[in-house]
Amino acid sequence: MVEKIINILEIVAKKRDGYELNEKEIFFFIDCVIKNKIKDYQTSAMLMAIFINGMSEKEVFDFTRAMINSGKVLDLSDIPGIKIDKHSTGGIGDTVTLIVAPWVASCGLPVIKMSGRGLGYTGGTIDKLNSINIKTNLSDKQAIGLAKKTGLAIIEQTDEIAVADKKIYELRDVTSTVESLPLIASSIMSKKIATGADGFVLDVKFGNGALIQDLNSALKLANIMILIGKKFKKKIVAIISDMNEPLGSHVGNLLEIQEAIMILKNQVNKNSLRLLKLSYEIASNMLILSGIINDKKSAYELLKNKLENFDAYKKFLDFTKNQSDEIFDYNKIIKKQAKYKLKIYSDKEGFVNKINARTIGQAAFELGAGRTKKSEIIDYEAGIIIKTKINDFIKKREILFEIFCNDNKKIDRAVDILKDAIVLSDKKIKKNKIIYKVIHG
Ligand code: URA
Ligand code: CA
């Protein structure tokens, strides 16, 4: 015991002083973390040393490997074909998974997806599914069975995957060490690789509504993740996308499900076009990585066809049948609403120059759509529909938002926050591209 404490102190000191840790030292550190052989303050000191000094390519690879090793690795070999997964670093109104998973599955690409719950302003796929009573607490064996049967399963990430990450992420959260690029990259990639897919399409977001605010850091993060993926012999593509304005028009768990269903039914609202565009890009790259299709043009054609002939929507219905005790009732789900709703109108006129993702995320959070701790209960029906888009001309008294919640005490504060969410001016502006760059690994 005494010897181990000396060792960990030496390793922390080595990292603190800017030296590269070797494989043995990194594996020892992770082993100490999962077996509770070191104190949280020692782990935290190491995380801060990593935050300050960064990690070499070799260190990031070893760190990721040690994290994967700390838990279970799924074996998807029973599901025929190449399996491609997707991951988003998280944003406001990002409901891409709910659209893309059934969509690519309807093209013949099997998807078995482990997702998380939302934390902070950003929603999680699992909460969204739970808002319409889809069961997500299935075992990985059950999920593999469903993926074999209908080509699609979405379940909660189990605690058995990358066990060290859970502990490390919790400590990062309370020690201001979340924003370290090598720590983010190894955290995401260890969990992804452990879920067993052959390749990944990563949606790396930058902007005020994202974990990473600036474009340069997003590019760096994408490149570290691509490097890790390639070292593990995974097929990999990273899409750098803008998160300065919400991706879709609906923000909130049930609301985002409703927007996804409208898109899957090929009834796309003009305010959902950015969400649709990014979904096309992610889905087409998944299909190309899987080898189902060779080029982007054919991928887009196939995907368009699958929306228009309702195969994508039918796949979503198969999925709800597999993972729910209730018969999915479109009319019921689409009409479901929170007890309180309120329309918010503009008090000025002008062209919409900005729809601030972070502010809208904060307002949705205030309405009850988000949580600060994993254990907190959220209001599934709470959220915001954005009724405009960049460069629309807004007249006085024209509607900007519709807000929803089940606790009317929360409304005033959300309304107050939303006052600053939209910026109008007398000129149109040059729109931010939704997709900034696609990097092929
Ligand atoms: N998401 C993760 O899973 N890990 C991080 O470190 C950041 C975002
Ligand atoms: Ca108008």
Side-chain angles (χ1 to χ4, degrees), residues 29-30 33-34 43-44 46-52 54-55 59-61 63-68 70-72 85-92 94 96-97 113-127 154-195 197 200-214 217-229 232 234 236 238-241 243 357-358 361 370-374:
F29 169 68
I30 295 292
V33 170
I34 58 172
T43 307
S44 302
M46 176 65 111
L47 295 172
M48 187 57 85
I50 292 172
F51 183 95
I52 290 168
M55 281 201 260
E59 282 178 311
V60 181
F61 175 57
F63 199 85
T64 308
R65 226 156 30 96
M67 296 246 277
I68 294 170
S70 73
K72 186 170 172 178
D85 199 353
K86 74 156 281 265
H87 181 81
S88 155
T89 56
I92 313 297
D94 177 1
V96 167
T97 292
K113 182 136 184 55
M114 281 200 176
S115 284
R117 292 186 186 283
L119 209 52
Y121 307 144
T122 57
T125 298
I126 294 303
D127 296 314
I154 307 177
I155 63 167
E156 282 163 46
Q157 184 177 304
T158 66
D159 288 343
E160 299 158 287
I161 299 287
V163 173
D165 178 66
K166 190 167 180 283
K167 177 85 201 203
I168 287 175
Y169 204 178
E170 278 168 15
L171 286 175
R172 283 167 61 206
D173 206 29
V174 292
T175 55
S176 293
T177 51
V178 169
E179 296 88 347
S180 152
L181 299 182
L183 288 177
I184 296 172
S186 55
S187 166
I188 292 173
M189 292 305 288
S190 61
K191 287 176 285 195
K192 286 279 116 182
I193 291 166
T195 51
F200 308 100
V201 175
L202 307 170
D203 178 11
V204 182
K205 296 188 179 297
F206 70 95
N208 67 26
L211 174 64
I212 305 288
Q213 311 272 308
D214 68 297
S217 303
L219 288 166
K220 273 192 205 151
L221 176 63
N223 284 318
I224 302 171
M225 292 201 284
I226 286 175
L227 201 115
I228 296 170
F232 282 92
K234 302 293 181 183
I236 193 155
I239 294 167
I240 312 292
S241 71
M243 189 27 78
R358 188 183 187 82
R371 57 166 84 76
T372 42
K373 281 197 300 262
K374 283 241 165 82

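Each ligand, and each atom within it, is numbered from 1 in the order the structure gives.
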Check: When you measure from the side chain of T89 to the backbone N and O of K205, does any donor-acceptor pair fall under 3.5 Å?
Finding: yes
Checklist line | Modelled atom types, side-chain donor and acceptor of D94 and S88, under 3.5 Å | finding: yes
Note to self: Between K191 and I161 (side chain of the first, backbone of the second, donor and acceptor by atom type, cut-off under 3.5 Å), is there such a pair?
What the structure shows: no
Next item on the list: Say whether, by atom type as modelled, one donor and one acceptor occur between the side chain of K113 and the main chain of D85 under 3.5 angstrom.
Entry: no
Notebook entry, point to check: Is ligand 1 under 4.0 Å from a heavy atom in the side chain of L211, in the backbone, in both, or in neither?
Noted result: side chain
Check: Tell me: protein heavy atom nearest atom 1 (N) of ligand 1, and distance?
Finding: Y169 OH, 3.6 Å
Notebook entry, point to check: How close do P182 and I224 get, heavy atom to heavy atom, and via which atoms?
Noted result: N-CD1, 4.2 Å
Next item on the list: Look only at interatomic distance and state if K191 has a nitrogen or oxygen under 3.5 Å from any nitrogen or oxygen of ligand 1.
Entry: yes
Next item on the list: Return the residue, atom name and 0.1 Å-rounded distance of the protein heavy atom closest to atom 4 (N) of ligand 1.
Entry: S187 OG, 2.6 Å
Margin query: For the 3.5 Å polar cut-off, considering only N or O atoms, please tell me whether R172 and ligand 1 meet it.
Written below: yes
